[in-house]
Amino acid sequence: MSDGTSLLDLAGLQSLLECLRSRGYTVIGPTMRDGAVVAAEITRLEDLPRGWGDTQRPGSYRLRPREDAALFGFAAPVHSPKATLFPADTTLWRRTRTEDGFDVELGDGDQDAPPRYALFGVRSCDLRAIELQDRVLDGRAVVDPDYHRRRRDLFVVAATCSDPSGSCFCTSLGTGPRPTRGFDLALTEILGGEHRFLVEVGSPAGSELLAGVPARPASPADLSAADRVARTAAEHILRRLDVDGLREVLQSAAGSPVWDEVATQCLACMNCTAVCPTCFCTSVADSTDLTGGTTTRHRVWDSCFSTEYSAVHGRSVRAGVAARYRQWVTHRFAAWVDQFQSVGCVGCGRCITWCPAGIDLTRRLADVRAERETATARARALAPTGDPHDRH
């Protein structure tokens with residue numbers, strides 16, 4: 001996982017942040033806005049949600065003051081790294097009318113100077129989400145050029161999740177709460193006594209950057225304290241999702257009554273796909289200025305919960321909410337396995353927290369499994385056996 005461990009105090013962490021900015025990185029980290037922890041540009045430690053945690057459960061999110069000065073004492077923020085690496089609105093091209101015809105400008109007009117982002121305080125579940133997005137958008141024959149530009153110079157400072165929410169289920173998927181890969185540097189915040197941060201190095205770039213930051217070697221006591229933070233967090237994650245055989249369960253569940261039950265609650269508002277760190281569905285939108293002289297084509301996030309997204313020849317092939325919810329779940333936990341050799345979920349719990357109807361994905365998948373097991377058992381009980389006497 002790393003080639004060494006060091007210890008930073010608060011001044012050292014500020015120095016780390018300054019080093020990133022001095023090297024031209026735009027640092028995106030957790031901060032508070034509109035009553036929530038969100039991802040935005042940060043320039044100093046004071047921008048972080050010091051002393052604030054959150055309470056999350058199905059359909060509910062609340063900030064709460066902590067009794068300590070933790071900088072990372074919250075669960076998954078509203079925004080995942082997807083918002084930075086794969087923005088909700090990306091300009092594909094812009095066409096401007098001229099006297100001789102049209103001038104066409106590709107992208108945002110900044111192709112020679114791609115943005116250099118540093119993600120600060122990334123959770124382990126979101127690191128795994130980046131891995132999945134890499135596979136989809138940057139690891140196949142056709143590469144998404146905008147994602148590639150943003151991703152190639154990315155610097156990642158991860159952070160162990162010390163206070164997971166009631167919506168989290170990363171332990172069921174092996175994606176948290178402690179980062180194990182996919183980072184340049186990983187922090188574990190240690191409270192009690194000196195406020196300090198264990199730093200693990202995950203790449204040559206991380207090692208090189210850390211060399212310019214005032215740090216000291218971590219002691220065995222520091223290592224034990226960091227292990228305790230991660231272990232305690234894992235013990236507090238009570239939500240479970242059984243993924244064993246889930247692909248086969250869902251492939252046989254097209255007619256399950258559970259989908260109709262969900263449809264009585266689901267608003268098809270698309271909140272779940274908007275906050276999901278791995279959803280990658282998009283559409284294209286064109287806009288024209290008032291003079292008609294400039295036309296811009298955008299790539300925008302879309303969702304399989306939209307009737308227009310599944311429209312073929314002007315008619316949706318999944319007109320009902322039940323069919324759309326089933327498509328979303330089956331794609332994530334069955335089709336993803338066939339296409340990308342992994343499920344498309346990292347257990348961050350955002351879809352549960354930010355669903356206004358409080359629909360619990362883990363509970364609904366358990367309901368589908370139970371219904372399928374009951375249906376299978378009933379079918380076996382009614383099936384004829386090889387003994388003709390059993391048929392009377």
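FYI, side chains are in, hydrogens and waters are out, and symmetry mates aren't considered; it's all heavy atoms of this structure.
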(message) Strictly distance-based, threshold 3.5 Å: is any side-chain N or O of R332 a donor or acceptor partner for the main-chain N or O of G344?
(response) yes
(request) Treat each ILVMFWY residue as a node, draw an edge where side-chain heavy atoms are under 4.5 Å apart, and state whether F305 and V368 are in one component. (result) yes
(request) Would you give the length of the straight line joining atom CD of Q265 to atom SG of C355, rounded to the nearest 0.5 angstrom? (result) 8.0 Å
(message) Working to the nearest 0.5 angstrom, can you tell me the gap between D302 CG and Y309 OH?
(response) 6.5 Å
(message) Go through it in stages, so that I can follow the logic: the residues are R23 and E208, the test is salt bridge (Lys or Arg N to Asp or Glu O under 4.0 Å), and I'd like the CA-CA distance, side-chain angles, deciding distance and then a yes or no.
(response) CA-CA 12 Å; R23 297 183 183 205; E208 191 271 334; 2.5 Å; yes
(request) Taking all non-hydrogen atoms of both residues into account, name the closest pair between A263 and A322 and its distance. (result) CB-N, 3.6 Å
(message) Nearest 0.5 angstrom please: C161 SG to R178 CZ, how far?
(response) 13.0 Å
(message) Using ring centroids (six-membered ring only for Trp), state whether F197 and H195 fall under 6.0 Å.
(response) yes
(request) Could you tell me whether E194 atom CD has more than 12 heavy atoms of other residues or ligands within 6.0 Å of it? (result) yes
(message) Minimum heavy-atom separation for V201 and S203, please, with both atom names.
(response) CG1-O, 3.4 Å
(request) Indicate yes or no: at least one non-hydrogen side-chain atom of R239 is less than 4.5 angstrom from one of I352. (result) yes
(message) Keeping N271 on the side-chain end and W354 on the backbone end, is there a donor-acceptor pair under 3.5 Å?
(response) yes
(request) Could you pull out the closest heavy-atom pair between V229 and T160, with the gap in Å? (result) CG1-CG2, 4.4 Å
(request) Kindly say whether Q56 contributes a backbone atom to a donor-acceptor pair with the side chain of R62 at under 3.5 angstrom? (result) no
(message) Can you give me the closest heavy-atom contact between S162 and G73, atom names plus distance?
(response) OG-CA, 4.3 Å
(message) Do V321 and L267 have side chains that approach each other closer than 4.5 Å (heavy atoms only, starting at C-beta)?
(response) no
(request) Ignoring hydrogens and angles, tell me if any N or O in the side chain of K82 forms a donor-acceptor pair with the backbone of P87 under 3.5 Å. (result) no
(message) Against the six-membered ring of Y25, is R116 placed for a cation-pi contact (under 6.0 Å from the centre, within 45° of the normal)?
(response) yes
(message) Quick one, R151 with D138, criterion salt bridge (Lys or Arg N to Asp or Glu O under 4.0 Å). Give me CA distance, side-chain angles, the key distance, then yes/no.
(response) CA-CA 9 Å; R151 178 70 175 94; D138 204 25; 6.0 Å; no
(message) Please give me the minimum heavy-atom distance between W259 and A253, naming the atom from each residue.
(response) NE1-O, 2.7 Å
(message) Give me the atom names and distance for the closest heavy-atom approach of W93 to T295.
(response) CZ3-O, 3.9 Å
(request) Flag the pair S172 / V243 as yes when at least one side-chain heavy-atom distance between them is below 4.5 Å, and no otherwise. (result) no
(request) For the residue pair W328 and L361, establish whether any side-chain heavy-atom pair is separated by less than 4.5 Å. (result) yes
(message) Which residue in the set D103, T288, D289 passes side chain to side chain contact (heavy atoms under 4.5 Å, CB included) when paired with T294?
(response) D289
(request) Dump the intermediate steps for salt bridge (Lys or Arg N to Asp or Glu O under 4.0 Å) on D146 and R149, then the final yes or no. (result) CA-CA 5 Å; D146 187 71; R149 290 170 57 233; 3.2 Å; yes
(request) Measure the CG-CG distance between L137 and L85 for me, rounded to the nearest 0.5 Å. (result) 9.5 Å
(request) With R95 as the cation and F102 as the aromatic partner, state whether NZ or CZ is under 6.0 Å from the six-membered ring centre and within 45° of the axis. (result) yes
(request) Determine yes or no for a side-chain-to-main-chain donor-acceptor pair under 3.5 angstrom, with R135 supplying the side chain and F340 the backbone. (result) yes
(message) Going by side-chain contact (heavy atoms from CB on, under 4.5 Å), name the residues that satisfy it together with D89, two or more places apart in sequence or in a different chain.
(response) H298, V300
(request) Kindly say whether H148 contributes a backbone atom to a donor-acceptor pair with the side chain of R152 at under 3.5 angstrom? (result) no
(request) Supply the atom-to-atom distance S124 OG to R181 CZ, rounded to the nearest 0.5 angstrom. (result) 8.5 Å
(message) Taking the ring of F74 and the ring of W52, is the distance between their centroids below 6.0 Å?
(response) no
(message) As an exercise, state the distance from OG of S15 to CG of L13, rounded to the nearest 0.5 Å.
(response) 9.0 Å
(request) Check the surroundings of atom CZ in R364: do more than 12 heavy atoms from other residues, nucleotides or ligands lie under 6.0 Å from it? (result) yes
(message) Closer than 3.5 angstrom, by distance alone: can the side chain of T5 be matched with the main-chain N or O of A218 as a donor-acceptor pair?
(response) no
(message) Using only atom types and a distance under 3.5 Å, with no angle test, would you say the side chain of R64 pairs donor to acceptor with the backbone of D54?
(response) yes
(message) Any salt bridge linking R299 with D144? Criterion: basic side-chain nitrogen under 4.0 Å from a carboxylate oxygen.
(response) yes
(request) Following the transitive rule for hydrophobic clusters with a side-chain heavy-atom cut-off under 4.5 Å over Ile, Leu, Val, Met, Phe, Trp and Tyr, establish whether L191 and L187 coincide in one cluster. (result) no
(request) Count the heavy atoms belonging to other residues, nucleotides or ligands that lie under 6.0 Å from CG of D338, then report whether that count exceeds 12. (result) yes
(message) Closer than 3.5 angstrom, by distance alone: can the side chain of W301 be matched with the main-chain N or O of F86 as a donor-acceptor pair?
(response) yes
(request) Dump the intermediate steps for side chain to side chain contact (heavy atoms under 4.5 Å, CB included) on Y325 and I359, then the final yes or no. (result) CA-CA 11 Å; Y325 188 87; I359 297 172; 3.8 Å; yes
(message) Does this structure show an ion pair linking R196 with D9, if we count only N-O contacts that are shorter than 4.0 Å?
(response) no
(message) Any non-hydrogen side-chain atom of L16 less than 4.5 Å from a side-chain atom of F120?
(response) yes
Run the side-chain donor-acceptor check on residues 30-42: report pairs under 3.5 Å with partners two or more places apart or on a different chain.
| from | atom 1 | to | atom 2 | distance (Å) |
| --- | --- | --- | --- | --- |
| T31 | OG1 | D47 | O | 2.6 |

(request) Determine the interplanar angle of the W336 and H331 rings, folded into 0 to 90°, and report it as parallel if under 30°, tilted if 30 to 60°, perpendicular if over 60°. (result) tilted
(request) State whether a side-chain donor-acceptor pair under 3.5 Å links T98 with D100. (result) no
(message) Please determine whether a side-chain nitrogen of the Lys or Arg among R318 and E308 lies less than 4.0 Å from a carboxylate oxygen of the Asp or Glu.
(response) no
(message) Has S224 got a side-chain atom pairing as donor or acceptor with P220's backbone, closer than 3.5 angstrom?
(response) yes
